[in-house]
Amino acid sequence: MIRQTLLPLLAGIVILSSCNEDFGSKTVTYLKATAEYGDLEAMRSVSLTGHAREITDPGKIFVYNNVILVGEEGFGIHIIDNTDPANPAPLSFINIPGNREYFVLDGFLYAESVYDMLKIDIHDIHNPVLSGRIINAFTDPLYNSDGEAVIGFEYTQVTEKLEIDDPIFEYETSDNIYYYDFANSLIPPSAVPASFAGNSSSGIGSVNRIVAYDNYVYAVSREKMTVYESENDFTQVFNSNLGWEMETVYPLGDRLFVGARNSVDIYDITDRGNPSYISGYAHMTSCDPVLPVNEETAYVTLRTGDFSECPGDNNELLVLDITESNFTNQVMSIQMDSPYGMTLIGDRLYVGEGKHGLKVFDVTDRRSPQLISSDNSTEAYDVLIHPTYSDILLLANSEGLMQVRVDVEQNLQFVSNIKF
């Protein structure tokens with residue numbers, strides 16, 4: 001049973017707009033956080049194996065060989081047979097209470113479940129087996145007087161007239177608001193309606209909060225990074241507050257790239273289990289996945305919009321110089337409409353523009369992207385190549401997962417759509 005209770009101090013508040021109405025009061029539009037309480041031990045004992053069900057609130061997508069995994073926000077992962085891309089069919093469901101983010105590597109699924117990090121063996125996709133669980137990997141549980149734990153937060157946008165001494169304003173200047181800090185330790189909802197975690201041919205999505213890499217798993221919440229060693233015993237080897245409003249994580253070589261609301265930060269992971277800060281690139285507040293494409297160049301999308309999770313008016317594709325002698329200098333910027341996730345396929349950079357469709361750039365010269373096509377016929381919040389069909393592109397949008405064939409002239413031919 002899940003119960004909802006408004007916290008004494010609102011957790012994870014984002015003020016979207018405000019205006020003074022009279023002396024001592026203010027009208028604000030903000031996200032009101034409501035705590036969800038439940039039986040934590042009952043959640044931890046739920047069977048992984050479940051029956052196929054309707055997709056109602058999709059999250060992360062991973063294409064694993066000829067199977068597609070689609071996250072159901074807060075509940076688990078749908079398993080879909082994609083042997084015939086023209087006729088995808090539901091197979092089963094993996095129950096993971098509280099899950100939002102996950103990644104798959106070498107037959108193992110790594111997923112957060114509210115406070116815990118799980119390692120699940122999916123070599124037999126029909127019979128997932130829990131291989132390891134790290135209890136309270138992100139933070140210690142918060143309990144109410146009935147012994148129920150906070151298992152998440154529900155956010156509702158409201159407009160209210162409040163007194164200026166209301167606790168909602170306190171979080172902007174106070175460093176000691178307990179519930180706000182507590183919420184920041186848990187993995188929050190993604191700012192992208194639907195996105196790709198990756199694929200089984202070593203593809204990595206650009207908007208992940210969890211990624212498995214070289215026998216280690218990296219996870220970021222708003223301000224905390226945790227690292228897990230996965231080759232032998234599944235153990236946590238690193239847990240530290242490293243940033244603020246972290247959103248994405250992407251490994252390349254001996255470096256880890258973290259996209260945050262105000263910066264792109266680079267960490268040295270020569271010692272895989274001990275990230276150390278190298279350098280950063282500061283930018284205007286925005287939602288920003290980062291995609292390093294080689295040891296010298298990275299692409300960053302900056303997305304903003306009034307009354308959004310990322311208020312502002314900058315929408316750009318940035319090219320950054322990330323060479324060791326010249327860390328994070330901007331090489332160029334390209335005006336965009338509303339860039340979300342992106343992927344590099346050969347010498348083509350595909351950028352999802354949300355309701356504005358899909359843009360394709362020629363990046364034969366990695367430092368100088370040239371726009372070659374813009375298709376606004378469909379929504380595209382994220383894009384990834386199919387792991388076994390090199391001519392099939394996967395597009396994530398608000399209505400489902402679209403599979404399209406791409407010809408040499410970048411024309412898109414519809415193959416199928418998995419409706420959400």
Side-chain angles (χ1 to χ4, degrees), residues 61 63 85 192-196 198-199 201-207 248 250 252 257 259 264 283 286-305 314-322 329-398 401-417:
I61 303 168
V63 184
V192 181
S195 61
F196 295 104
N199 67 36
S201 62
S202 301
I204 299 175
S206 64
V207 291
T248 65
Y250 198 110
L252 180 69
F257 295 78
V264 173
H283 56 69
S286 63
C287 293
D288 74 325
V290 53
L291 176 65
V293 294
N294 55 35
E295 295 295 330
E296 299 178 345
T297 306
Y299 302 127
V300 180
T301 57
L302 304 184
R303 184 183 78 262
T304 60
N314 288 355
N315 290 281
E316 299 174 292
L317 170 65
L318 304 183
V319 181
L320 300 185
D321 180 347
I322 57 169
N329 279 345
Q330 180 177 315
V331 175
M332 68 179 297
S333 67
I334 300 171
Q335 188 66 33
M336 303 288 284
D337 294 307
S338 58
Y340 286 80
M342 54 186 158
T343 192
L344 179 70
I345 304 172
D347 289 329
R348 298 288 184 264
L349 177 69
Y350 296 80
V351 183
E353 286 261 68
K355 295 180 179 179
H356 297 280
L358 178 71
K359 282 188 170 63
V360 184
F361 296 85
D362 184 333
V363 290
T364 303
D365 179 353
R366 297 292 194 256
R367 295 291 183 90
S368 182
Q370 303 297 316
L371 181 67
I372 57 176
S373 69
S374 180
D375 186 335
N376 60 5
S377 63
T378 183
E379 287 185 335
Y381 289 101
D382 203 4
V383 56
L384 197 69
I385 191 69
H386 193 287
T388 54
Y389 300 96
S390 60
D391 64 336
I392 292 184
L393 199 63
L394 308 171
L395 304 178
N397 57 43
S398 60
L401 167 61
M402 182 179 294
Q403 301 187 89
V404 296
R405 278 197 169 86
V406 185
D407 64 23
V408 293
E409 296 179 351
Q410 300 303 312
N411 296 315
L412 306 182
Q413 178 184 355
F414 177 82
V415 176
S416 69
N417 192 19

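Taking the six-membered ring wherever Trp is involved, the centroid distance between the rings of Tyr340 and Tyr381 falls below 6.0 Å.
Screening Leu318, Val319, Asp321 for a side-chain contact (heavy atoms from CB on, under 4.5 Å) with Gln330, the sole residue that qualifies is Leu318. When each of Val383, Ile61, Leu401 is tested with Leu394 by the rule side-chain contact (heavy atoms from CB on, under 4.5 Å), just one qualifies, namely Leu401.
No more than 12 heavy atoms of other residues, nucleotides or ligands sit less than 6.0 Å from atom CZ of Arg405.
Annotation: side chain of Leu291 is not in contact with side chain of Phe257 (no heavy-atom distance under 4.5 Å). Using a 4.5 Å heavy-atom threshold, the side chains of Leu252 and Val293 count as separate. Pro85 is listed as a side-chain neighbour of Ile392, based on a closest heavy-atom distance under 4.5 Å. In this structure, Thr343 and Phe196 have side chains that are not in contact, with every pair of non-hydrogen atoms separated by 4.5 Å or more. Looking at heavy atoms from C-beta onward, Leu393 lies out of side-chain contact with His386 at the 4.5 angstrom threshold. Between Thr301 and Glu316, the closest side-chain pair of non-hydrogen atoms is not below 4.5 Å. The shortest side-chain heavy-atom distance between Val207 and Ser195 falls under the 4.5 Å cut-off. Using a 4.5 Å cut-off on side-chain heavy atoms (C-beta onward), Val351 and Met336 make contact.
Here the straight-line distance linking atom OG of Ser338 with atom NE2 of His356 works out to 4.0 Å at 0.5 Å rounding. To the nearest 0.5 Å, atom OG of residue Ser374 and atom CZ of residue Phe361 are 8.0 Å apart. Considering CG of Asn294 and CG of Leu344, their distance stands at 9.0 Å, rounded to 0.5 Å. Note that the OG1 atom of Thr364 and the CG atom of Leu349 stand 11.5 Å from one another [nearest 0.5 Å]. Of the inter-residue distances, the one linking His283 atom NE2 with Asn314 atom CG reads 10.5 Å to the nearest 0.5 angstrom.
At distances below 3.5 Å, not a single donor-acceptor pair connects side-chain atoms of Asn417 with backbone N or O atoms of Gln403. Judged purely by atom type and a 3.5 angstrom limit, Arg348 has no side-chain atom pairing as donor or acceptor with the backbone of Ile345.
When every heavy atom of Met342 is checked against every heavy atom of Asp382, the shortest pair comes out as N-OD1, 3.6 Å. In terms of heavy atoms, Asn397 sits closest to Ala194 at O-CB, 3.9 Å. Summarising the geometry of Met332 relative to Pro369, their closest heavy-atom pair is SD-CD, 3.5 Å, with the distance given to 0.1 Å. Closest heavy-atom contact between Leu395 and Ala380: CD2-CB, 4.5 Å. Scanning both residues, Ser206 and Tyr250, for their nearest heavy atoms gives CA-CD1, 4.3 Å. Contact record, Ile385 with Asn199: O-ND2, 2.9 Å, taken as the closest heavy-atom pair.
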- Step-by-step salt bridge (charged side-chain N to carboxylate O under 4.0 Å, His left out) determination, Asp337 to Lys355: CA-CA 9 Å; Asp337 294 307; Lys355 295 180 179 179; over 6 Å; no

- Item | side-chain contact (heavy atoms from CB on, under 4.5 Å) between Val363 and Gln370, worked out | CA-CA 7 Å; Val363 290; Gln370 303 297 316; over 6 Å; no

- Task: Apply side-chain contact (heavy atoms from CB on, under 4.5 Å) to the pair Leu320 and Tyr299, showing each step before the final yes or no.
- Result: CA-CA 6 Å; Leu320 300 185; Tyr299 302 127; over 6 Å; no

- Message: Apply side-chain hydrogen bond (donor to acceptor under 3.5 Å, both in side chains) to residues Gln335 and Ser333 and explain how you reach the verdict.
- Response: CA-CA 7 Å; Gln335 188 66 33; Ser333 67; over 6 Å; no

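Using a cut-off of 4.0 Å between Lys/Arg side-chain N and Asp/Glu carboxylate O, Lys359 and Asp375 are scored as not salt-bridged.
For the residue pair Arg367 and Thr297, a side-chain donor N or O sits within less than 3.5 Å of a side-chain acceptor on the partner.
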